[in-house]
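Inspection log for the structure reproduced underneath, given as structure tokens.
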Number of protein chains: 4
Amino acid sequence: MSIEAPIAKAPQRARGVQRVAELLDAGAALFAENGYETTTMTQIAQRAGASIGSLYQFFPSKEALAEALFVRYVERVASMLEDLAKRAPGLPPPRLADRLIDLMLKVRSDRDSAAALSGSVSGIVERRKSLRGATRRQIAAILRAASPRLREKAAAEAAAMIGHVLKLVPTLAKEQEDGGQPLVPQVRKMLAAYIECVVKR
Amino acid sequence: MSIEAPIAKAPQRARGVQRVAELLDAGAALFAENGYETTTMTQIAQRAGASIGSLYQFFPSKEALAEALFVRYVERVASMLEDLAKRAPGLPPPRLADRLIDLMLKVRSDRDSAAALSGSVSGIVERRKSLRGATRRQIAAILRAASPRLREKAAAEAAAMIGHVLKLVPTLAKEQEDGGQPLVPQVRKMLAAYIECVVKR
Amino acid sequence: MSIEAPIAKAPQRARGVQRVAELLDAGAALFAENGYETTTMTQIAQRAGASIGSLYQFFPSKEALAEALFVRYVERVASMLEDLAKRAPGLPPPRLADRLIDLMLKVRSDRDSAAALSGSVSGIVERRKSLRGATRRQIAAILRAASPRLREKAAAEAAAMIGHVLKLVPTLAKEQEDGGQPLVPQVRKMLAAYIECVVKR
Amino acid sequence: MSIEAPIAKAPQRARGVQRVAELLDAGAALFAENGYETTTMTQIAQRAGASIGSLYQFFPSKEALAEALFVRYVERVASMLEDLAKRAPGLPPPRLADRLIDLMLKVRSDRDSAAALSGSVSGIVERRKSLRGATRRQIAAILRAASPRLREKAAAEAAAMIGHVLKLVPTLAKEQEDGGQPLVPQVRKMLAAYIECVVKR
DNA sequence: AATGAATGAGTCTTCATTCAT
DNA sequence: TATGAATGAAGACTCATTCAT
């Protein structure tokens, strides 16, 4: 279930492959820090230790870089959800909630950049719906694996809701680390309560 | 509880008041549609039927306009929370959850523009913490009014969490209207379950 | 018979009108000197004594400026041909050839820039056919006014040929001035001979 | 009468000779299609099925490639004029005109690319005068061979004029093929008339 | 006070050319 | 020798902000 990675020219030499990874990482970091519009291509190239020309050798536009980044994020999440699906059967709601939240904590840094992109890059806005659909289907499948009695429709609705809540996780973790309230435990509690409530009858 | 509104020059005539409102509305609509960076001052002036010079007569910079907009939003929310506080005593969790969500649905359009600004405008990012604190204190007060046995600390934590969830509401409503899942009932359910869970000991 | 002048924003103040003219002249001169691709927008602005931003205030793109220039040229030629049409009746071939060539000598500087644009600007390439058609119809009308017995089809063919020859005139004049052969008298001779040959039966 | 061809390194193997030809052809086609400035070295290499590095192995710069192309064109024309010179004695004006025009029709594709270069490449602009002089001397010689009584000065002037007219031929042919007027017969007529007129007395 | 024009730093992107493997 | 990668100067264009009428 791989998504087209919109790289300009697939690198054909070892050096090129490395460069692409460096550029992607630099982009992710800067987009997360300063947002899509505010981040300049020159900054990205600089942080990756490359020249601007080198950046454009692999990504034909700022938007293409953003899309590649987004695809990378979506694929990572998809693969982690796939793993979770295997362990889902029989998982009680609180455990399930914890697993989902742990997953988001793992992809935190990627999520931060993806969040910065999802509203700003038109190419992403367009694909968004279908990508979101795929993720939700995975979550719904996990829910039904954990609670086989759950109806398909109820699972779909809950999955959508859960998807939205999960997006909050990185923000909450950030706030907590910055000396705010202990919000991660709160989401855990909230998500567990919600799943429990959905599952019961 | 009025916050300094960074307007260039307090409009001295009725016409001026109207102009400011028009400009603010135009800004709100465009920021919500296209984001802060992508929206130009010229666009805002045009949509408000004003000249660019006129816009700068009232708002000395793009950031000032954004801040005024944000302040307007925060004040509206604060006043609505104040109202809710009066009716809070004795409200059972599901009712309380519904009231909070209804409130967010009322300020939806304002919230959309505020969301576009909160990460992009440095002036807002800075004030954010204190503004957020005020809102949370209001929510905490409401929680304790509804459930007097709730400890102060627990109320503070729950209020923070609830604040984050409430921010999702406009997005969920939008998705629902666009033919997606019925997400508003889901948040209602989730928030009710969470509050219930928090309140119980 | 006016053609849409693709100016970005029609200037609304006296200063703006003057600026547009200055920019157009600067563009014409530079395109003629260095060609379309080689001429930079910054150069144009500089030669017009304006800032780059000022240039873009009136012409939204390099191509738009080029098109405006081309339109100006075409309109000037059209109006001169219209004048010539009035004096055409009864004009013997050599006189007619001379009048046409004189006309081209008058628009020389404009023609030089138009020539630089006609192959390079896609917007112009597209309109080219229709504009050319109009010019040819004017020339054909002139031919038939001068020689009433000329058939319509023969006039159309000759007009097309004459149009091409006339385009050479500025180049020939330039070469002659630069110390080359006296080519202008030669085209006069050639064009006269050709018209005579076309007209005879 | 070979002109120095500015090739980087004379290809030493058969494969190299073929490569050079392929690159030259690719360049000719692209320059004719899109013009000198708009055509990129990468495009040329691609169309020739070579790598950019390979292209630079044979031509040290874009300008060098253009010059080589131009030289090839000039040499072909020169050799064809030489052939024509042999058959010129006694040729009546209309025949002569036809021969010259036929010649241009034969080199059409080369001429198209040469035309794209002649104004854009400074190296060519410089040599242009001398090359043009050579061509004109050939044409003048042909004229005098056909009409021995023609004075040297008159021949030189006519040759220059004829050179300019001949450059139009490919354009006219193109227009004719694209469904326009039958212009090639018209130039034939025109050139015949002109030569006749020059020759008489 | 109101408005259109002016400004120019800053952004994305291209492309001829050079390098290193 | 052949090829992909690296480089960076340069160009079109944008837009917040300031001016002048």
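The model shown is predicted, which means the values in this text are computed figures rather than measured ones. All chains are named by letter (A, B, ...) in the order of the sequence lines, taking the proteins before the strands, and each is independently numbered beginning at 1.
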- By salt bridge (charged side-chain N to carboxylate O under 4.0 Å, His left out), which residues pair with A:Asp110, not counting sequence neighbours? A:Arg72, A:Arg76
- Using atom CG of C:Asn34 as one end and atom P of F:dG11 as the other, report the distance to the nearest whole Å. 12 Å
- Counting distance only, does the side-chain N/O of B:Glu63 pair as donor-acceptor with the main-chain N or O of B:Val121 below 3.5 Å? no
- Compare the minimum distances between each of F:dA6, E:dT13, E:dT17 and the side chain of A:Ser54, then state the nucleotide with the smallest one. F:dA6
- Task: Output all residues satisfying side chain to side chain donor-acceptor pair (under 3.5 Å) with A:Thr38, sequence neighbours left out; order by chain, then residue number.
- Result: B:Glu37
- Think A:Arg19 has a side-chain N or O under 4.0 angstrom from the OP1 or OP2 of F:dA5? no
- Task: Return the set of residues passing side chain to side chain donor-acceptor pair (under 3.5 Å) with C:Arg15 (not counting sequence neighbours), or none when no residue passes.
- Result: none
- Indicate yes or no for a side-chain donor-acceptor contact from D:Ser120 to the backbone of D:Leu117 under 3.5 Å, with no hydrogens or angles considered. no
- Message: From CZ of C:Phe59 over to C1' of E:dA5, roughly how many Å is that when rounded to an integer?
- Response: 14 Å
- Message: Restricting to side chain to side chain donor-acceptor pair (under 3.5 Å), what partner residues turn up for D:Ser130, sequence neighbours left out?
- Response: none
- Item | Rounded distance in Å - NZ (A:Lys62) to C1' (F:dT14) | 13 Å
- Item | Nucleotide of E:dT13, F:dT7, E:dA1 approaching A:Tyr56 most closely (side-chain heavy atoms) | E:dT13
- Task: Please state how far atom CD in D:Gln57 lies from atom C1' in E:dA16, giving the value in whole angstrom units.
- Result: 16 Å
- Query: What is the distance, rounded to the nearest whole Å, between atom CD of A:Glu22 and atom C1' of F:dA6?
  - Reply: 13 Å
- By side chain to side chain contact (heavy atoms under 4.5 Å, CB included) - contacts of B:Arg47 (at least two apart): B:Ala26, B:Ala29, B:Leu30, B:Glu33
- Message: Using a strict heavy-atom distance below 4.0 Å, which residues from residues 37-53 of chain B are in contact with DNA chain F?
- Response: B:Thr39, B:Thr40, B:Met41, B:Ile52
- Sequence neighbours left out, what pairs pass ring-ring contact (aromatic ring centres under 6.0 Å, His included) with at least one residue falling in residues 13-49 of chain A? A:Phe31-A:Tyr36
- Nearest whole angstrom, please: distance from the P of F:dT17 to the CG of B:Leu65. 11 Å
- What residues form a side chain to side chain contact (heavy atoms under 4.5 Å, CB included) with B:Ser54, not counting sequence neighbours? B:Arg19, B:Ala50, B:Ser51, B:Phe58
- Rounded to the nearest angstrom, tell me the gap between atom CG in D:Leu55 and atom C1' in E:dT18. 13 Å
- Task: Determine which bases of DNA chain F form Watson-Crick or G-U wobble pairs with both distances under 3.5 Å, and write the result as a 5' to 3' dot-bracket string with | for other-strand partners.
- Result: .||||||||||||||||||||
